[in-house]
Amino acid sequence: RANANIIKLLSNRILLREETACFYIYKISSGKKSQTGIALSASINAYLDNRIKKHELTRTIKENDRINQIVATKAQTGPVMLAHKHCPAIKQFVHELTSDNNSDFSGLLDGWKHEIWILSDTDSVNYTNQLVNSLEGFYIADGHHRSAAAAAVKERNLLGTSSDGNGFLAVAFDEKELEILDYNRVLKTLNSRDHETFFKKIEKSFHIIEKKEAVYPGDPTSFGLYIDRKWYLLELKNFTPDPLTINNLSVKILEEHFLKPIIEIHNSREDDRIDFIGGSRGAEGVVTRVDSGDMQAGIMVPPTKIEQLFDVADNNQIMPPKSTWFEPKLADGLLSLSYGK
């Protein structure tokens, strides 16, 4: 069906195939925020050589879904969000182009305006290519399954011998363009017969302070707990910062000092007693799941910082699942990378 859909979109000229090599400038904006990056085909060889760095594990079932879609459509329609360390030259180039020229395409999706500038003239393509390849590397911000699937398609030669399968669709953003939001947790179980026992377990490791309003913790060793329609601030006792960034992440601290010893959740990637709520939904997202009776408790988690993501990836470490929530999201199908004619 995906293949039939993409053929229909091409036949009706809703999707237009570029005749020459292009880059694109991709801007997403709302009344509160905007971020602008360069859309490109990211090298799979660079990905395999770890010049495009990862910080998250993938799940086979989700990776296979993406592989099947790429093979069926001979295209990648969902872009990977890449981040790179601050580059003044790229930031200035992107700013000047988007400030001085109207976009070639714009549309609204879920309250966000998506705009595209096409860079197809030789000078612009060459200069953009020079800027992009002057960077030391990229970091996958969002889209580990998409990049892994594209690499698997190439390594297994699932598209034949076509050289078109040497890249994956991506949009690269300067670190100063991106914001990481909190990624909160909700729990189906307290691993206790009653709430009194649950709080006694917590008190062994945390100071507990009741609050009248939703808790948005800032310190990586503090968390917001929502239970029985009440909010509590949890402050970890006796934490010593670790030389390894991975051990100082709020999501890692939560795993080691709360989820494992108190709830006995040792693999939050696979355990169905825990679920995750992106920070764009705010505390309301946590409250809704708990008050509905679907979950017993919610935990507000301080957001991971972009420099922490870079450091973890540089040291070939893996973050706990659902450590970063990026907002806004890139649109699927607005730009596609075609593998073949």
Side-chain angles (χ1 to χ4, degrees), residues 17-18 20-28 35-58 62-63 66-67 69-71 73-87 89-91 93-94 114 116-120 124-159 162-175 177-178 306 309-310 313-314 316 324 326 329-340:
R17 192 190 303 275
E18 302 292 351
T20 59
C22 296
F23 286 100
Y24 302 85
I25 304 300
Y26 188 151
K27 181 179 181 180
I28 316 174
Q35 65 184 55
T36 309
I38 300 175
L40 45 80
S41 173
S43 166
I44 289 177
N45 286 335
Y47 171 86
L48 296 173
D49 292 341
N50 205 37
R51 288 179 287 150
I52 298 176
K53 300 181 180 183
K54 317 153 194 70
H55 67 267
E56 187 178 292
L57 296 175
T58 57
K62 291 184 67 176
E63 191 175 316
R66 290 287 176 180
I67 290 171
Q69 187 189 39
I70 291 171
V71 172
T73 61
K74 294 183 172 58
Q76 190 172 11
T77 61
V80 175
M81 182 184 288
L82 298 179
H84 62 80
K85 293 182 178 178
H86 179 52
C87 177
I90 290 181
K91 195 165 180 66
F93 170 67
V94 168
H114 296 251
I116 297 292
W117 287 258
I118 303 172
L119 305 181
S120 57
S124 295
V125 169
N126 289 341
Y127 184 58
T128 306
N129 191 60
Q130 176 187 336
L131 286 174
V132 167
N133 285 289
S134 69
L135 297 167
E136 290 185 6
F138 289 106
Y139 301 81
I140 297 175
D142 195 11
H144 283 80
H145 289 92
R146 300 175 186 205
S147 51
V153 168
K154 173 181 167 59
E155 287 190 299
R156 300 177 199 172
N157 197 29
L158 297 180
L159 292 174
S162 171
S163 62
D164 293 336
N166 290 328
F168 61 85
L169 179 65
V171 184
F173 293 92
D174 189 293
E175 62 177 307
E177 295 285 312
L178 297 174
I306 190 72
L309 185 155
F310 289 166
D314 284 339
N316 298 314
T324 57
F326 287 89
K329 301 293 185 183
L330 299 168
D332 276 27
L334 175 56
L335 295 174
S336 298
L337 179 63
S338 176
Y339 298 133

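Counting from 1, the numbers follow the sequence of the chain as shown.
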Measure the spacing between CZ of Phe138 and CZ of Arg51 and express it to the nearest 0.5 Å. 10.5 Å

Donor-acceptor pair, Arg146 side chain versus Arg66 backbone, under 3.5 Å? no

Using a 3.5 Å distance criterion without hydrogens, assess whether the side chain of Glu175 forms a donor-acceptor pair with backbone atoms of His86. yes

Could you walk me through whether His84 and Val132 pass the side chain to side chain contact (heavy atoms under 4.5 Å, CB included) check? CA-CA 10 Å; His84 62 80; Val132 167; over 6 Å; no

How long is the gap from OH on Tyr26 to OG1 on Thr36, to the nearest 0.5 Å? 11.0 Å

Could you report the tightest heavy-atom contact between Leu337 and Ser41, atom names first, then the distance? CD2-OG, 3.7 Å

Taking His144 for the side chain and His55 for the main chain, is one N or O donor matched with an acceptor at less than 3.5 Å? yes

Could you pull out the closest heavy-atom pair between Ile70 and Tyr339, with the gap in Å? CG2-CE1, 3.5 Å

Heavy-atom pair with the smallest gap, counting every atom of Phe168 and Ser43: CE2-O, 4.2 Å

Between Leu119 and Tyr127, is any pair of side-chain heavy atoms under 4.5 Å apart? no

Could Lys85 and Tyr139 be counted as a cation-pi pair, given that NZ or CZ must be under 6.0 Å from the ring centre and within 45° of the axis? no

For residues Asp49 and Asn45, is any side-chain donor paired with an opposing acceptor at under 3.5 Å? no

What I'd like to find out is whether the side chain of Phe173 reaches to under 4.5 Å of the side chain of Leu330, using heavy atoms alone. yes

Rounded distance (nearest 0.5 Å) linking atom CG of Asp142 with atom CG of Leu82: 10.5 Å

In short, Ala21 meets Val125 closest at the heavy-atom pair O-CG2, 3.6 Å

Distance in Å, Phe93 CZ paired with Gln130 CD, rounded so as to fall on 0.5 Å steps: 10.5 Å

Say you draw a straight line from SG of Cys22 to CG of Leu335; how long is it, rounded to the nearest 0.5 Å? 10.0 Å

Which of Asn126, Val94, Ile90 passes side-chain contact (heavy atoms from CB on, under 4.5 Å) with Leu131? It is Ile90

Working note: Glu177 + Lys91, criterion side chain to side chain contact (heavy atoms under 4.5 Å, CB included); need CA distance, chi angles, decisive distance, verdict. CA-CA 9 Å; Glu177 295 285 312; Lys91 195 165 180 66; 2.4 Å; yes

Should Cys87 and Leu135 be marked as a side chain to side chain contact (heavy atoms under 4.5 Å, CB included) after you check the CA-CA gap, both sets of side-chain angles, and the distance that decides it? CA-CA 8 Å; Cys87 177; Leu135 297 167; 3.9 Å; yes

Measure across Ser336 and Leu169 and return the closest heavy-atom pair with its distance rounded to 0.1 Å. CA-CD2, 4.0 Å

Any side-chain heavy atom of Tyr24 within less than 4.5 Å of one from Glu18? yes

So, taking the atom named CZ in Arg17 and the one named OG in Ser338, what distance separates them when rounded to the nearest 0.5 Å? 4.0 Å

Would you say Lys53 and Phe310 make side-chain contact, with heavy atoms under 4.5 Å? no

For Val71 and Val153, work out which heavy atoms get closest and say how close. CG2-CG2, 4.3 Å

Take Asn166 and Ile44, measure what side chain to side chain contact (heavy atoms under 4.5 Å, CB included) needs, and give me the verdict at the end. CA-CA 6 Å; Asn166 290 328; Ile44 289 177; 5.7 Å; no

